[in-house]
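Step one of this worksheet: look at the structure below.
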Number of protein chains: 2
Amino acid sequence: MSVQLPVQTVSRLCLIYRVLLGMDRETVLSSTKLGKLVNIPAHTIRKDLSVAGKLKSSNAGYKAGELLDFIKGLFNFDTPLRVCVAGIGLLGSSFIKNPVQEGGQFIIVAGFDTNINKIEVMKSDVPLFPAYEMADKIREMRIDLGIIAVPAQAAEITMQRMKEGGIKGILNFSPAILGDKDIAVRNVHFAEELRFLTAMIPDLEKGV
Amino acid sequence: MSVQLPVQTVSRLCLIYRVLLGMDRETVLSSTKLGKLVNIPAHTIRKDLSVAGKLKSSNAGYKAGELLDFIKGLFNFDTPLRVCVAGIGLLGSSFIKNPVQEGGQFIIVAGFDTNINKIEVMKSDVPLFPAYEMADKIREMRIDLGIIAVPAQAAEITMQRMKEGGIKGILNFSPAILGDKDIAVRNVHFAEELRFLTAMIPDLEKGV
DNA sequence: CCTCGGTTGTGAAATTTTTCACAAGTATTA
DNA sequence: TAATACTTGTGAAAAATTTCACAACCGAGG
């Protein structure tokens, strides 16, 4: 990771990583076949791997397991990360109840909410804490990433608390748009995905 | 919409549209102020509006309402779209129960599931149908967009059924990676967002 | 009416990203 | 061994995108 890879390249490598995860390690894939699986042109994949520093292996396709290990090593996907969730509403609790598997890369270790009742009532394997303890708990538990699933008006303060605790990255599902120069922030907004989709459809004759 | 705008520009305009929606129409914003709200450099915003064909209005900032109308007109965001949801699981039903508002731009008009019991048991204002009726219902009801919230192995067939019904765009929340040359498809995957976030953090000293 | 601080819109430059083309390697079959 | 049909990795060309710089404009306050 000495060189800073283009964002798009990182994004594509993540996508490739995903399909490789669900595949037998022995499968052999050409850049063309792989490209069809992820909807990326073959030459783009080869270039991405090239700039990412892919070592010369063979000129007869990639073995799924090797490629997986390469990307894993590149981004340190082998070290598990501690994740917390702020906001135990519908979405937030779904992360706690159905934690993402992904080969144990992410471990949900704490949940936070301003509503103390919710914390006490809810049954969960993941320990829940009141929101004002967020910074302390994040520091104590050495939490790496935060998922924000609070209402828009609480998003900013939540990010501040997470920063205060020394968090490294935030995935924000609240309608607020967050950003920070010190930490990585990614905003995800369902309605906007729909809107973007709509905007990308060239000749949409809208329904009544 | 005569010219095809760069994807990134479209994406940024959608983001701007979002903040404008939650703002008084009379507010006057300079490109600099607007830029701070959405984390985009001011000159990029001005360029985006320029290539999008923004007509000369004044040299003293943008009025929120006017800018909103401009983007709305550009992408036809004023005509409501009919949306259906395939897969009435945790995520799918959340779309049906808590429909996105967004100024009535999207109307959830139908849900589909292979499990007939689920359809009968579930109370909902939105009519629910068995999956095999999907293509017919989409055609009948003139549905524009589809949200896929089914398991990975059912994703492909679901897309095919939607295509068959003549759908224009798909937002895919299943773990499968979908793509099609005829219709617009957007894949959203939570774990991958986390992974991408991780990959973008330069010097992450991972926890134990 | 003139000036000052702030603003937009945009051509051109700079940069980034993608695409292309091809030498060189591999596996297979005869 | 030779021929065939693949394949990769990458420098260079092409294309796309972002950044810059600045003329022209606006509004307010003398």
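Here is how names work: the chains are called A, B, and so on, in the same order as the sequence lines, proteins then strands, and each is numbered from 1.
- Positionally, the nearest nucleotide of DNA chain C for Gln8(A) lies more toward the 5' end than for the other of Ala60(A) and Gln8(A).
- Considering only side-chain N and O atoms, Tyr62(A) lies nowhere under 4.0 angstrom from the phosphate OP1 or OP2 of dT26(C).
- To the nearest angstrom, C1' of dT19(D) lies 14 Å from CD1 of Ile45(B).
- Closest approach to the Arg46(B) side chain among dG9(C), dT17(D), dT8(D) is made by dG9(C) (side chain taken as heavy atoms from C-beta onward).
- For Arg12(B), a side-chain nitrogen or oxygen approaches OP1 or OP2 of dT18(D) to under 4.0 Å.
- Across all strands shown, Ser30(B) has heavy atoms under 4.0 Å from sugar-phosphate atoms exclusively, and none from any base.
- Each of Asp48(A) and Leu49(B) was assigned the nucleotide of DNA chain C with the nearest heavy atom; the assignment lying further toward the 5' end belongs to Leu49(B).
- Contact between Ser93(A) and Leu90(A) at its shortest, heavy atoms only, is OG-O, 3.3 Å.
- The shortest distance between the side-chain N/O atoms of Thr44(B) and the OP1/OP2 oxygens of dT19(D) is below 4.0 Å.
- The distance between atom CG of Leu5(A) and atom P of dT17(C), rounded to the nearest whole Å, is 10 Å.
- In this structure, Ser31(B) reaches the sugar-phosphate backbone alone: every heavy-atom distance under 4.0 Å involves primed, P, OP1 or OP2 atoms, never a base.
- If you measure from atom CG of Asn59(B) to atom P of dA28(D), you get 14 Å, rounded to the nearest angstrom.
- Atom NZ in Lys47(B) sits roughly 13 Å away from atom P in dC20(D) (whole-Å rounding).
- For Lys63(B), the NZ atom counts as loosely surrounded, since its 6.0 Å shell holds 12 or fewer non-hydrogen atoms of other residues, nucleotides or ligands.
- Separating the CD atom of Gln4(B) from the C1' atom of dA16(D) is a distance of 13 Å, rounded to the nearest angstrom.
- Residues from residues 177-186 of chain B that place a heavy atom under 4.0 Å from any atom of DNA chain D: there are none.
- Taking a 6.0 Å sphere around CG of Asp125(B), one finds it holds 12 or fewer heavy atoms contributed by other residues, nucleotides or ligands.
- Here dT17(D) presents its C1' atom at 12 Å from NE2 of His43(B), a figure rounded to the nearest Å.
- Counting to the nearest Å, the P atom of dT18(D) and the CG atom of Leu13(B) are 11 Å from each other.
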